[in-house]
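To start, the structure itself, in structure tokens.
We use all heavy atoms of the structure for the numbers below, so side chains are in, but hydrogens, waters and symmetry mates are not. Treat the numbers as computed from the prediction; the structure is a model and nothing was measured.
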Amino acid sequence: MTFSINPQSEIPNPQLLRLFVYGTLKRGYWNHQRFCAQARSIEPAVVWGRLYHLHAGFPAIEVPEGLILARGTADPLADSRRQQEIGTPRFGRPAGDWDLIHGELVTFTDPQRDLPPIDRLEGFRPGGHSMYQRVMVAVLCGRTSIPAWIYWMPCVENGTRLDSGVWHRV
């Protein structure tokens with residue numbers, strides 16, 4: 001018996017965790033080296049949302065409530081397993097005034113090591129007051145829709161919307 005291997009697919013690995021980044025965690029920005037240097041891979045990707053430049057000097061994104069596949073918890077391994085269970089989500093344009101947001105899909109191999117420091121950076125506290133929420137959404141990477149975690153701000157205040165869908169350091 002012979003098996004053909006599709007290079008685009010991977011054997012499910014409960015240790016893999018995918019995170020869509022759109023601001024200071026992207027390559028070339030100030031938080032990338034500290035928090036993402038150990039990533040297994042980093043690829044260009046897009047999500048649906050509204051991107052803002054906050055007056056504090058960093059970005060925030062709103063995502064459509066209807067596109068949220070799961071909400072982050074305090075257990076990185078459970079969140080990684082949940083991501084594996086989703087399968088291939090639908091990546092369709094939501095109704096309303098939403099843009100394609102350009103960023104990077106970062107794949108980590110050790111969620112217990114890699115996710116908690118990023119949660120702290122983003123002010124994400126499951127069950128408590130959080131600056132950003134971590135939710136799972138469909139991310140388009142190449143032609144493949146993949147479930148990935150993203151940090152979003154449900155109520156963006158003190159920000160300027162970026163219709164281009166790209167955040168650059170200002």
Side-chain angles (χ1 to χ4, degrees), residues 4-29 31-32 35-54 58-73 76 78-109 111 114-115 118-119 121-122 124 132-154 156 159-169:
S4 78
I5 297 174
N6 178 349
Q8 294 293 323
S9 68
E10 294 180 342
I11 296 169
N13 177 348
Q15 293 294 310
L16 288 182
L17 185 125
R18 291 186 176 90
L19 180 67
F20 179 85
V21 299
Y22 54 90
T24 69
L25 291 167
K26 292 189 303 186
R27 288 175 285 197
Y29 289 85
N31 283 320
H32 177 80
F35 295 96
C36 298
Q38 68 280 16
R40 174 181 176 177
S41 65
I42 301 172
E43 303 166 87
V46 293
V47 298
W48 288 107
R50 293 185 189 117
L51 184 63
Y52 297 87
H53 175 76
L54 302 179
F58 48 87
I61 191 172
E62 283 181 291
V63 295
E65 277 284 343
L67 297 188
I68 295 173
L69 303 170
R71 297 187 180 274
T73 71
D79 288 351
S80 178
R81 282 190 302 272
R82 181 73 180 116
Q83 192 170 31
Q84 301 298 321
E85 294 165 1
I86 294 289
T88 303
R90 180 181 169 278
F91 189 87
R93 182 182 190 101
D97 182 23
W98 302 99
D99 303 312
L100 272 178
I101 309 304
H102 299 265
E104 296 173 341
L105 182 66
V106 181
T107 301
F108 294 102
T109 57
D114 301 326
L115 196 57
I118 300 172
D119 279 351
L121 171 71
E122 302 293 357
F124 173 61
Y132 290 89
Q133 297 292 318
R134 182 166 41 82
V135 296
M136 194 185 318
V137 297
V139 174
L140 191 64
C141 185
R143 294 182 175 186
T144 305
S145 179
I146 298 167
W149 295 101
I150 185 172
Y151 294 93
W152 76 300
M153 196 172 277
V156 177
T160 303
R161 185 165 174 189
L162 304 174
D163 293 332
S164 68
V166 179
W167 182 82
H168 297 287
R169 83 183 74 196

side-chain contact (heavy atoms from CB on, under 4.5 Å), that's the test. Do Val156 and Leu54 meet it? Break it down for me. CA-CA 8 Å; Val156 177; Leu54 302 179; 3.7 Å; yes

side-chain contact (heavy atoms from CB on, under 4.5 Å) between Ile118 and Phe108: does it pass, once the steps are laid out? CA-CA 12 Å; Ile118 300 172; Phe108 294 102; 3.8 Å; yes

Run the numbers on Ile150 and Val21 for side-chain contact (heavy atoms from CB on, under 4.5 Å), then give the verdict. CA-CA 7 Å; Ile150 185 172; Val21 299; over 6 Å; no

Please assess Val63 against Ile68 for the test side-chain contact (heavy atoms from CB on, under 4.5 Å), listing each intermediate value before the final yes or no. CA-CA 8 Å; Val63 295; Ile68 295 173; 4.1 Å; yes

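Note: Gln84 CD to Arg82 CZ = 11.5 Å, rounded to the nearest 0.5 Å. Put simply, CD1 on Ile61 and CD1 on Ile101 are 4.5 Å apart, with the number rounded to the nearest 0.5 Å. Annotation: the span from Leu100 atom CG to Leu140 atom CG amounts to 8.0 Å, rounded to 0.5 Å. Atom-to-atom distance recorded for Leu19:CG and Phe35:CZ is 12.0 Å, nearest 0.5 angstrom. The line from CZ of Phe91 to CG of Leu67 is 8.5 Å long, rounded to the nearest 0.5 Å. Atom OG of Ser80 is separated from atom CD of Gln15 by 6.5 Å, given to the nearest 0.5 angstrom.
Looking only at side-chain heavy atoms (C-beta outward), Pro76 and Leu17 stay at 4.5 Å or farther from each other. Two residues are said to be in side-chain contact when any heavy atoms from C-beta on lie closer than 4.5 Å; Trp167 and Tyr29 meet this criterion. Residues Leu105 and Ile146 meet the side-chain proximity criterion, which asks for heavy atoms closer than 4.5 Å. By the 4.5 Å heavy-atom criterion applied to side chains, Arg50 and Asp163 are not counted as neighbours.
The minimum heavy-atom distance between Cys36 and Ile42, with the atom names listed, is O-CD1, 4.4 Å. Summarising the geometry of Val139 relative to Ala148, their closest heavy-atom pair is CG2-CB, 3.5 Å, with the distance given to 0.1 Å. The two atoms that bring Gly87 and Pro147 nearest to each other are O-CD, 3.3 Å, heavy atoms only. Closest approach of Cys141 to Pro44, counting heavy atoms only: SG-O, 3.6 Å. Summarising the geometry of Pro59 relative to Gly23, their closest heavy-atom pair is CG-CA, 3.5 Å, with the distance given to 0.1 Å. Closest heavy-atom contact between Ala138 and Arg90: CB-O, 3.6 Å.
By the side-chain contact (heavy atoms from CB on, under 4.5 Å) test, Ser164 pairs with Leu162, Val166, sequence neighbours left out. Glu43 is linked by a salt bridge (Lys or Arg N to Asp or Glu O under 4.0 Å) to nothing, counting only residues two or more places apart in sequence or in another chain.
Checking side-chain atoms of Arg161 against main-chain N and O of His53 turns up no donor-acceptor pair under 3.5 Å. Judged by distance alone, the side chain of Trp48 and the main-chain N or O of Gly92 form a donor-acceptor pair under 3.5 Å. Distance alone, capped at 3.5 Å, is enough to place a donor-acceptor pair between the His32 side chain and the Leu25 backbone. In this structure, Lys26 contributes its side chain and His168 its backbone to no donor-acceptor pair below 3.5 Å. Thr24 places no side-chain N or O within donor-acceptor distance of the main-chain N or O of Asn31, the cut-off being under 3.5 Å.
Between Arg134 and Glu122 there is no salt bridge, since no side-chain N of the basic residue sits under 4.0 Å from a carboxylate O of the acidic one. Ion pairing between Asp114 and Arg40 fails under the 4.0 Å rule for side-chain N and carboxylate O. Ion pairing between Arg81 and Asp79 fails under the 4.0 Å rule for side-chain N and carboxylate O.
Classification of the Tyr151-Phe124 ring pair by plane angle, with boundaries at 30° and 60°, yields perpendicular.
In this structure, Arg18 is not positioned above the aromatic face of Trp149 in the sense of NZ or CZ being under 6.0 Å from the six-membered ring centre and within 45° of the axis.
Taking the centre of each ring, Tyr22 and Trp152 stay at or above the 6.0 Å mark.
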